[in-house]
Amino acid sequence: PKPNEAVVYNIIGDVKDKTVIIVDDIVDTAGTLSVVANKVKADGAKKVYAVCTHGVLSRDGVDKVENSAIEKLFVTDTLPDTRKPSKKIQVLSISHVFAEAIKRNHDGSSISEMFK
């Protein structure tokens, strides 16, 4: 309805007794992420994990993750880690990806080949 106010109308597919992985590009306040996680858990998912490229987690985002059905949220280190600690949030380094892209660019090699 509005930014940071998520509503889940339908889950497409059967999540009962399955491990669900939610993929997102950016998690700001974690409103949408927590609503979706709680919905799939309520629909019978065994476990819920989430991954995102940019974990902003502003305002009460960490609290929303902590109080959701998410077992673990994996975020990359594309942003400074200034949020409060959480056992549910794991930061993964992508420095090797940037280093390889810079090297390939310098050498005149294909960057897109990295992702095949």
Side-chain angles (χ1 to χ4, degrees):
K2 295 181 191 174
N4 301 317
E5 290 184 14
V7 176
V8 177
Y9 296 107
N10 295 307
I11 300 294
I12 299 171
D14 180 20
V15 297
K16 187 169 176 30
D17 298 323
K18 295 190 170 95
T19 298
V20 173
I21 302 171
I22 303 167
V23 179
D24 204 348
D25 59 344
I26 186 168
V27 174
D28 183 5
T29 62
T32 302
L33 184 63
S34 60
V35 168
V36 170
N38 293 340
K39 175 64 173 151
V40 295
K41 188 69 171 184
D43 285 1
K46 185 172 47 174
K47 292 185 177 187
V48 182
Y49 295 95
V51 295
C52 79
T53 304
H54 310 292
V56 177
L57 296 164
S58 65
R59 299 192 303 204
D60 60 345
V62 172
D63 293 331
K64 286 180 184 169
V65 171
E66 284 289 327
N67 296 313
S68 74
I70 296 169
E71 303 249 343
K72 184 75 76 171
L73 167 62
F74 298 92
V75 302
T76 66
D77 61 351
T78 59
L79 299 170
D81 190 3
T82 58
R83 66 189 167 274
K84 69 180 186 178
S86 168
K87 290 183 179 182
K88 283 190 169 188
I89 300 171
Q90 182 172 340
V91 179
L92 304 173
S93 175
I94 59 167
S95 60
H96 62 284
V97 175
F98 285 111
E100 181 64 21
I102 292 167
K103 178 182 176 290
R104 285 171 179 257
N105 187 54
H106 178 74
D107 294 342
S109 301
S110 172
I111 293 174
S112 61
E113 287 291 320
M114 292 172 46
F115 304 104
K116 288 186 177 179

*Kindly indicate, with the supporting measurements, whether the criterion side-chain hydrogen bond (donor to acceptor under 3.5 Å, both in side chains) is fulfilled by S68 and N38.*
CA-CA 6 Å; S68 74; N38 293 340; 4.8 Å; no
*asked:* If hydrophobic residues (ILVMFWY) are linked whenever their side-chain heavy atoms come closer than 4.5 Å, directly or via other members, who joins V56 in its cluster?
replied: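 Reading the cluster by chain and number, V56 sits alongside I26, L79.
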*Hydrophobic clusters join Ile, Leu, Val, Met, Phe, Trp and Tyr when side-chain heavy atoms are under 4.5 Å apart, directly or via other members; which others share one with V75?*
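Other cluster members: V8, I11, V15, V20, I22, V27, L33, V35, V36, V40, V48, L57, V62, V65, I70, L73, I89, V91.
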Sequence neighbours left out, what passes salt bridge (Lys or Arg N to Asp or Glu O under 4.0 Å) with [X]? Give chain and number order.
X	result
D17	none
K88	none
K116	E113
D25	none

To the closest 0.5 Å, what do you measure between [atom1] ([X]) and [atom2] ([Y])?
X	Y	atom1	atom2	result
D24	H54	CG	NE2	10.5 Å
E66	D60	CD	CG	12.0 Å
K46	K16	NZ	NZ	11.5 Å

Test side chain to side chain donor-acceptor pair (under 3.5 Å) applied to [X] - qualifying residues, sequence neighbours left out:
X	value
K41	none
T53	none
N105	none

*Quick one: which residue pairs count as a side chain to side chain donor-acceptor pair (under 3.5 Å) with a foot in residues 90-102, not counting sequence neighbours?*
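Pairs touching residues 90-102 that pass the test: D77-S93, S93-S95, E100-R104.
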*asked:* Is it the case that atom CZ in F74 sees more than 12 heavy atoms from other parts of the structure closer than 6.0 Å?
replied: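 Above 12, so yes.
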*Kindly give the heavy-atom pair with the smallest separation between S112 and S110, and that separation in Å.*
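Shortest heavy-atom separation between S112 and S110 comes out as OG-OG, 3.1 Å.
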*Looking at G61 and A30, what are the two nearest heavy atoms and their distance?*
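Closest approach of G61 to A30: O-CB, 3.6 Å.
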*Would you please name every residue forming a side-chain contact (heavy atoms from CB on, under 4.5 Å) with A101, sequence neighbours left out?*
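Once residues adjacent in sequence are excluded, the partners of A101 under the side-chain contact (heavy atoms from CB on, under 4.5 Å) criterion are I111, M114.
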*Name all residues meeting the side-chain contact (heavy atoms from CB on, under 4.5 Å) criterion together with K47; count only those two or more places apart in sequence or in a different chain, and write none if there are none.*
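Testing K47 for side-chain contact (heavy atoms from CB on, under 4.5 Å), a comparison that skips the adjacent residues, returns T19, Y49, E71.
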